[in-house]
Visitor: 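Just dropping this structure here.
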Amino acid sequence: MNILLLGSGGREHALAWKINQSPQCSQLFVTPGNAGTAEFNTSENLVQNGYDQADFQRIAEFIVQQQVKLVVVGPEAPLVAGVTDFLKKYPSTSEVLVVGPTQAGAELEGSKDFAKQFMQKYGIPTAASQTFTTDKLDAGINYLKKQSLPIVLKADGLAAGKGVIICPTYEEAEQTFTDMLQNEKFGAASQKVVIEEFLEGIELSVFVLTDGKSYQLLPEAKDYKRIGEQDTGPNTGGMGAISPVPFADKPFMEKVKTQIVEPTIHGLAEENIDYRGFVFIGLMNVDGSPYVIEYNARMGDPETQAVIPRLQSDLVELLVATAQQQLSDVSVQITPQTAATVVMVSGGYPGSYQKGKPISGLSEASESLIFHAGTKAEGNQVLTNGGRVLAITSLHDQLEDALALTYQQVNRLCWEEIYYRKDIGQDILQYESAGK
Ligand code: AMP
Ligand code: GLY
């Protein structure tokens, strides 16, 4: 079958790499794509306005022209904007299989307030919180002052991963809260603000594929969000990932399944939400108990670049089963090997950075997987074209060896003002050697 994948990041390159291996995949198209997915990119970029109705129209027409039978939505923006609903309603694409929830389902990611209410309603463990709007500024400040420190402030809407601020003092919390609500610090996204209790623990990314009735767990991963080594400096989209994660052992994952995943799927069904796609659950392990920090309606980036290489099953078979609500009939095979992913970025990221730097070392043979994110082909050269540029993944029986392979490959790649973290996975190696 012909397959269309939406997106242009490292996550999409990893998905494209795996989809293309399936005997069920005749032709794969990726839009907007990047230099890594170039062989699959559509001749016209179908996403010209950041996923608005005109883009959806172009996508629908392309699906008809190219006889696409399966659409896989990578990022959150098209989901929150309703691409799945659009394709279901558009007469000539209504039968096309779509992996990615409807707009109502994507609210789990698109509105933190919706997600909190959903978790409260279905008894899913999460931090205590309250939501405030501009007209409740004073009530919000009063509430803030009664909470213990640090305190977490979250813009309700999508804010490109920047909408969460952890405030160590009441002064900072009050100032930030006022900036978010009154001065729209994150634009429309912070017209509502969730004030949330701070959870102390270790984070884990859990990935679920659901057809709305049943589900399959994909490998879990650990993300490295901060730009600096030892988890310092500002948050980024993610600087590396490791899968599996040693503390996510059987007893812990059993709690995740019964206390979080199953009530989530049940809640979506109760709310009559048609959810066929990925649920990415960001959770905190607080003394052995899982708490949800956030839901995402998509896979993680760069976690996908670590998770997907561990998947031995045919991804297209899983995606089709998801869209056809037959996930209970399939099984997911995972290699026990460890995947170590390091993200290489443009100097300056997550602040301002330059684009258009030629990348060297890409054409040499490698034992590792090289997934492109912000890259662009120009003539015979590949140029940097974003903050996160490449993600390098290696698989090995031991994390230490997987990391060594990845860093060997990282050292072969170069561009002006390159940056990457050298400590990805070190915390897990220490955890393992402490024998916990
Ligand atoms: P998010 O944008 O929701 O992924 O949040 C960004 C980061 O903020 C998370 O990865 C956590 O590290 C942190 N965070 C969010 N909520 C909490 C919380 N309630 N307690 C502690 N840390 C949090
Ligand atoms: N790596 C975190 C995310 O994809 O949101």
Side-chain angles (χ1 to χ4, degrees), residues 7 9-12 14-15 74-77 79-80 106 108-116 119 124-131 147-168 173 176 180 186 189-190 193-207 218 220-227 231-243 245 278-286 289-308 341-343 345 350 371 373 387-388 391 421 424 427:
R11 167 184 48 218
E12 285 75 27
L15 291 170
E76 64 278 16
L79 296 168
V80 172
L108 279 185
E109 173 163 5
S111 165
K112 300 222 188 260
D113 180 44
F114 173 82
K116 294 303 285 193
M119 288 186 265
I124 296 164
T126 185
S129 74
Q130 209 155 316
T131 302
Q147 309 309 307
S148 43
L149 291 170
I151 186 100
V152 184
L153 301 181
K154 297 187 170 183
D156 175 57
L158 293 184
K162 297 195 176 113
V164 175
I165 299 191
I166 298 170
C167 303
T176 309
M180 285 168 99
F186 298 107
S190 63
V193 174
V194 178
I195 302 181
E196 188 172 285
E197 166 199 16
F198 179 82
L199 297 173
E200 188 86 57
I202 321 178
E203 283 183 67
L204 179 72
S205 302
V206 170
F207 299 99
L218 298 174
E220 78 287 350
K222 183 176 190 298
D223 183 13
Y224 293 79
K225 284 203 164 74
R226 304 288 198 96
I227 189 73
D231 296 328
T232 51
N235 261 329
T236 68
M239 296 296 292
I242 302 291
S243 175
V245 180
F278 297 100
V279 189
F280 160 4
I281 304 169
L283 59 82
M284 193 72 92
N285 175 349
V286 184
S289 296
Y291 288 80
V292 177
I293 293 183
E294 60 164 351
Y295 285 112
N296 294 301
R298 52 169 174 88
M299 286 294 288
D301 188 335
E303 291 97 322
T304 306
Q305 294 91 304
V307 165
I308 288 294
T341 301
V342 171
V343 175
V345 307
F371 296 120
R388 293 191 293 174
R421 274 179 63 167
I424 301 300
D427 53 341

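Every number for a ligand or one of its atoms is a count from 1 in the order of the listing.
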Visitor: Given Tyr224, which of Thr341, Val342, Asp427 fulfils the side-chain contact (heavy atoms from CB on, under 4.5 Å) condition?
Guide: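 One option only clears the test, and that one is Asp427.
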Visitor: Checking the N or O distance criterion of under 3.5 Å, is ligand 1 in contact with Leu199?
Guide: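 Indeed, backbone or side chain, Leu199 has an N or O that close.
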Visitor: Would Asp223 count as being in polar contact with ligand 2, using the rule that some N or O on each side must be under 3.5 angstrom apart?
Guide: yes
Visitor: Hey, what do you get for CE (Met239) to CZ (Arg226), rounding to the nearest 0.5 Å?
Guide: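 Output value for this atom pair is 12.5 Å.
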Visitor: Short list, please: which atoms of ligand 1 are under 4.0 Å from a heavy atom of Val152?
Guide: 16 (N), 18 (C), 19 (N), 20 (N)
Visitor: Do Ile165 and Phe186 have side chains that approach each other closer than 4.5 Å (heavy atoms only, starting at C-beta)?
Guide: yes
Visitor: Is it the side chain, the backbone, both or neither of Arg11 that has a heavy atom closer than 4.0 Å to ligand 2?
Guide: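 Contact part for Arg11 vs ligand 2: neither.
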Visitor: So is Gly238 touching ligand 2 or not, going by heavy atoms under 4.0 Å?
Guide: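 No heavy atom of Gly238 comes that close to ligand 2.
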Visitor: Please name all residues satisfying side-chain contact (heavy atoms from CB on, under 4.5 Å) with Gln147, sequence neighbours left out, ordered by chain then number.
Guide: Tyr143, Ile151
Visitor: Counting C-beta onward and ignoring hydrogens, is there a side-chain heavy-atom pair between Val206 and Leu283 closer than 4.5 Å?
Guide: yes
Visitor: Charged N to carboxylate O below 4.0 Å: is that the case for Asp231 and Arg421?
Guide: yes
Visitor: Say whether Glu196, considering both its backbone and side-chain N or O atoms, lies within less than 3.5 Å of an N or O atom on ligand 1.
Guide: yes
Visitor: Number the atoms of ligand 1 from 1 as they appear, then name those within less than 4.0 Å of a heavy atom of Lys112, with their elements.
Guide: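 Those of ligand 1 that fall under 4.0 Å from Lys112 are 3 (O).
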Visitor: Would you mind running through ligand 1 and noting each atom that sits below 4.0 Å from a heavy atom of Met284?
Guide: 21 (C), 22 (N)
Visitor: Report, in ascending order of atom number, the atoms of ligand 1 lying under 4.0 Å from any heavy atom of Lys154.
Guide: 15 (C), 16 (N)
Visitor: Taking only Lys NZ, Arg NE, NH1 and NH2, and the carboxylate oxygens of Asp or Glu, determine whether Glu203 and Lys225 approach each other closer than 4.0 Å.
Guide: yes
Visitor: Show which atoms of ligand 2 fall inside a sub-4.0 Å distance from at least one heavy-atom site of Gly300.
Guide: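 Answer for ligand 2: 4 (O).
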Visitor: Is any side-chain heavy atom of Val307 closer than 4.5 Å to one of Phe280?
Guide: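 Not touching, per the 4.5 Å side-chain cut-off.
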Visitor: Show which atoms of ligand 2 fall inside a sub-4.0 Å distance from at least one heavy-atom site of Arg298.
Guide: 3 (C), 4 (O), 5 (O)
Visitor: If you count the atoms of ligand 2 from 1 in the order shown, which ones are under 4.0 Å from a heavy atom of Gly237?
Guide: 1 (N), 2 (C)
Visitor: For ligand 1, which atoms have a heavy atom of Phe198 less than 4.0 angstrom away?
Guide: 20 (N), 21 (C), 22 (N)
Visitor: Whether Lys116 and Glu196 form a salt bridge (side-chain N of Lys/Arg under 4.0 Å from carboxylate O of Asp/Glu) is what I want to check.
Guide: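 Salt bridge present between Glu196 and Lys116.
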